[in-house]
Chemist: 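Structure in structure tokens, see below.
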2 protein chains.
Amino acid sequence: MAFEQGKLARMAPRMTESSKPVYQQVADWLRQMINAGELPPGAQLPTEKELSERFDAARATVRQGLTVLVNEGLIRPSRPRGYFVRGHELMYYRPQAEWRPHPTSPEMDRWMEEQTTLGREPSQKITVEIIKAPVRVATRLELGDDDLVVARRRVRFLDGEPFNLNDSFYPLELVQGSEIVNPADVARGTNQALTDLGYEQVRAIDEIESRMSLPDEVTRLELPIAAPVLVHRVTGFTADDRPVRHTLNVLIGSKHVVLFERQKNMGK
Amino acid sequence: MAFEQGKLARMAPRMTESSKPVYQQVADWLRQMINAGELPPGAQLPTEKELSERFDAARATVRQGLTVLVNEGLIRPSRPRGYFVRGHELMYYRPQAEWRPHPTSPEMDRWMEEQTTLGREPSQKITVEIIKAPVRVATRLELGDDDLVVARRRVRFLDGEPFNLNDSFYPLELVQGSEIVNPADVARGTNQALTDLGYEQVRAIDEIESRMSLPDEVTRLELPIAAPVLVHRVTGFTADDRPVRHTLNVLIGSKHVVLFERQKNMGK
DNA sequence: TCGTATGGATTGACTAGACAATGGCCTTTG
DNA sequence: CAAAGGCCATTGTCTAGTCAATCCATACGA
């Protein structure tokens, strides 16, 4: 019953901040090791057993501490091998790029170069549905609750890994019979297709929010657990201010940076 | 020991999806009640005891399920009163607004003015430091690791509640001796102050990412627990492409929507 | 040599308790 | 009537286990 080793081990990390709950001490200790680089991305953490001995705590307690770090996105459990430090390779995501094929000032390039020019393998899965407009879509497309929209859903992959969800909605009456309803790649882009139909978009509103991923997003993005996601919504308007497209982008928060560039005295 | 009531109660929610772990069933059941509006914002959830009886599970198990919802930001524990459904009043946050002309009183800066218009009680705490530029700041301001910057840190409150963190960094040599180094409100705005110093910003790059809040952000924002935050960085450039300001905004994810508007074929 | 069992280590899920901490409510007291 | 104190329901922290599921490596067999 008595556990001499345990008492000694307890001295080390636990005394320093004796007021805090033990599970937080565990989390703090590991977090600091990770931030200091002592546990680099990919490194394996001490096992639950080792931690419970080192902190002289029950396994459930160190587990509670590990859960904190998992929820923070710092570590990833890989059963039954152990916990590993997550690496975060950031992708830059530029909503403005859809209208500016070759934009970017030299400043931006410096930050992007490292990540963007890695020669990745993109692919996507497309499905198309005709559905009643969900509330948030109907609002933005200025439709009634019973109006139909074409929902063009894409899961985009990079090197085989799910990268984001990209669902676009179009009022059915505008695109019926066009290639947009066809669940295949539109080579020249759906925006060009809309233009060809007489609905060129000249203005867009971008909305960006952040929340935890929903259960079905966890599935589609093949996430190990719920993680923060960036939700990016675009509503495209024609010259006469008619909304003709709404796109819902769900990006894995830890993997993306959304980038905008703006200039003073541009509009009006 | 035997608990007849428990057996009966178990029938109801637990049988339906017997394959899933119980803690997930608890989370799913409550989540659905919340989404369906049966538990509206502000409503109190069943207590842990009630849930453990209803699902015929140990308290630790239903607690695990409740933790999921807390991490998703759906509910908020209020000890010792119980768990409550979180309401989400969204604020629109418009980075582009900082360059619109100042219409009204010069007494308030732009943010405070906007909020007052909306009938809120804004306030802020400002502190100013002179520090070595943190890596992410130094990179964007094109400074060396040892160069000094003025860090102007603000915590903004709305109706007494912390709302976001807003830290701006300026190369020391540009602003030394100016009012920017003074930890008081700059009535006409720090951007105007920079302009007056000969460094008008005509271009900006916005970066937006999402992650879980760090421990010190949890403290400063007085969050009950770690929650997803939106991190918004702005780098401001002069006409000759010199970066003169970097701002780091930390927004509580569940409370903000970042809004951009863009126009086709406007610039260049 | 090439699969094919078989263990072992590790995390996942869960139980049945204990005690501490806290905020609200009610009672008592001045 | 108002302030002070104590009760109590509820969550926070933690223990000490059990059994299940999974991946990896090792040993075994054809």
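To find a chain, count down the sequence lines: A is the first, B the second, and so on, and within it residues start at 1.
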Chemist: Are a donor atom and an acceptor atom from the side chains of B/Asp185 and B/Gln124 found within less than 3.5 Å of each other?
Modeler: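 There is such a pair between these side chains.
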Chemist: Could you check how far CG of A/Leu45 sits from C1' of C/dT11, rounded to whole Å?
Modeler: 13 Å
Chemist: Does A/Leu30 reach the side chain of A/Leu69, with side-chain heavy atoms less than 4.5 Å apart?
Modeler: yes
Chemist: Whole angstroms only, please: what is the CD-P distance between A/Gln64 and C/dA13?
Modeler: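 Those two atoms, CD and P, are 15 Å apart.
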Chemist: Nearest-Å distance, CG (A/Leu69) to P (C/dT11)?
Modeler: 14 Å
Chemist: OP1 or OP2 of D/dG12 sitting under 4.0 Å from any side-chain N/O of B/Tyr83?
Modeler: yes
Chemist: Below the 4.0 Å mark, does D/dT10 have OP1 or OP2 next to a side-chain nitrogen or oxygen of B/Ser78?
Modeler: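 Answer is no, no contact under 4.0 Å.
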Chemist: Considering only NZ, NE, NH1 and NH2 on the basic side and carboxylate oxygens on the acidic side, decide whether B/Glu50 and B/Arg54 come within less than 4.0 Å.
Modeler: no
Chemist: What nucleotide, of C/dC14, D/dG12, C/dT11, holds the atom closest to the side chain of A/Arg59?
Modeler: C/dT11
Chemist: Return the value, rounded to whole Å, for the distance between atom NZ of A/Lys49 and atom P of C/dG12.
Modeler: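 For the pair A/Lys49 NZ and C/dG12 P, the rounded distance is 17 Å.
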Chemist: The criterion is salt bridge (charged side-chain N to carboxylate O under 4.0 Å, His left out); which residues satisfy it with A/Arg136, sequence neighbours excluded?
Modeler: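 If we apply the salt bridge (charged side-chain N to carboxylate O under 4.0 Å, His left out) test to A/Arg136, skipping adjacent residues, there are no hits.
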Chemist: To the nearest 0.5 Å, tell me how far B/Arg76 CZ sits from B/Phe84 CZ.
Modeler: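 Reported value, rounded in 0.5 Å steps: 6.5 Å.
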Chemist: Please list, for nucleotides 22-27 of chain D, all pairs of protein and nucleotide N/O atoms separated by less than 3.5 Å.
Modeler:
none

Chemist: Check the distance between C/dA9's P and A/Glu50's CD and give it to me in whole angstrom.
Modeler: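 Value for this atom pair: 13 Å.
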Chemist: Consider only side-chain N and O atoms of A/Asn164 and A/His256, and report whether a donor and an acceptor are under 3.5 Å apart.
Modeler: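 There is no such pair (donor and acceptor under 3.5 Å, judged by atom type) between the side chains of A/Asn164 and A/His256.
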Chemist: Between C/dT10 atom P and A/Phe84 atom CZ, what is the distance in whole Å?
Modeler: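 Computing the A/Phe84:CZ to C/dT10:P distance gives 11 Å.
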Chemist: A/Thr47 has a side chain; which of C/dA16, C/dT11, D/dT10 sits nearest to it?
Modeler: C/dT11
Chemist: With nearest nucleotides of DNA chain D determined for A/Ala60 and B/Gly82 from heavy-atom distances, which residue corresponds to the more 5′ nucleotide?
Modeler: B/Gly82
Chemist: Between C/dT22 atom C1' and B/Glu48 atom CD, what is the distance in whole Å?
Modeler: 14 Å
Chemist: Looking at CZ of B/Arg154 and CG of B/Leu165, how far apart are the two atoms once the value is rounded to the nearest 0.5 Å?
Modeler: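 Going from the CZ atom of B/Arg154 to the CG atom of B/Leu165 covers 11.5 Å.
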Chemist: What is the separation between atom OH on A/Tyr23 and atom C1' on D/dT11, rounded to the nearest whole Å?
Modeler: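 Taking OH of A/Tyr23 and C1' of D/dT11, I get 12 Å after rounding.
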